[in-house]
Amino acid sequence: MSFSLCVFCLSFFLGVSARAQDWEKVELQSLALGENIWMLYGAGGNHVLAVNSDQALLVDSDYSEVSEKLLAIVKELVGQVPLQVVNTHWHFDHVGGNQALKKSGAVVLAHENVRKKMISGQYLAVIDHEQPPAAEEDLPDQTFTDKLEIQQGDERIQLFHVPKAHTNGDAMVYFSQANVLHTGDVMFFCGYPFIDINSGGTIDGVIDAVKVALSYCDDDTQVVGGHGPVTDKNGLEQYLGIMVDFRQAIAQAKADGQGLEEALASDVTAEVDEQWGKKMFPPAAFREMVYRSLPE
Ligand SMILES: [Zn+2]
């Protein structure tokens, strides 16, 4: 299966607002991960959709502009609208459909900082995007701080918070019976990820979060990142290695007294860049995120 760049990242490369996309052409697609669980992808962040005991749960709500398409593909697959929606974090390509899903009857769940961030409005420096404060109709209905468990028939769905990783409000979602893990944007399995420093994200948080994610995995776990193709425990371990190596290289440059400009210009991460710097975020952008998020 092939993946094009998500609209979010494409907008980053083109230097245009994500709102300037041709939404008519955006198509959502599904990939079965088991008998009653799918990955949906093609617009904003990857989704996981699961139905158990006639109750559908959807991870992330995509861009607001694709809500109709999202509801249509969910209904086509499971014959109903989701009863529950989980937001993995506050970014607009993951929460944009909240309003439409809530109107259709869903209850939206998220870490408490997602609701706080949405209420206050945000600025995404990396794509120069101003996110205005959200309306009540867009906000998560129910929040949690550390963990939340949902039992649907035989399926135990575990939501757990990983602090200061991609943002300060990240949640991962593990479907115990199906053995599927959604990591949110803590992992992009297709290139360097985005660390939203303005929202409290840090490289050390990403590394810690991936270690926690790995503790949920065995050899059969299917791992869905925020963007990019499905992977597994090996893929997650590979990603962890890259994050650790990259952090090490930039931390060394910083310890050697290199300023940001110098670290950005150096080739300390050249080996990793060769494989990981061609899609999603370019090496220099990721270097800057890592450099800025390292502890002083
Ligand atoms: Zn994100």
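Counting starts at 1 for both ligands and their atoms, in listed order. Index from 1, following the sequence.
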Trainee: Quick test of your reading of the model: are K164 and D204 salt-bridged, counting only N-O distances below 4.0 Å?
Mentor: no

Trainee: Give a yes or no on whether a salt bridge exists between E296 and K254, defined as a side-chain N under 4.0 angstrom from a carboxylate O.
Mentor: yes

Trainee: When Ile, Leu, Val, Met, Phe, Trp and Tyr are grouped by side-chain heavy atoms lying under 4.5 Å apart, directly or through other members, which residues fall in the same group as L71?
Mentor: L28, W38, L40, L49, V51, L58, L70, I73, V74, L77, V78, V81, V85, L101, V108

Trainee: Which of the N/O/S atoms in H89 sits closest to the Zn ion (ligand 1)?
Mentor: NE2

Trainee: Using ring pair (Phe, Tyr, Trp, His ring centres under 6.0 Å) as the criterion, list what pairs up with F175, not counting sequence neighbours.
Mentor: none

Trainee: What atom name does the N, O or S atom of H91 nearest to the Zn ion (ligand 1) carry?
Mentor: ND1

Trainee: Is D93 close enough to the Zn ion (ligand 1) to have an N, O or S atom under 2.8 Å?
Mentor: no

Trainee: From the N, O or S atoms in D185, identify the one nearest to the Zn ion (ligand 1).
Mentor: OD2

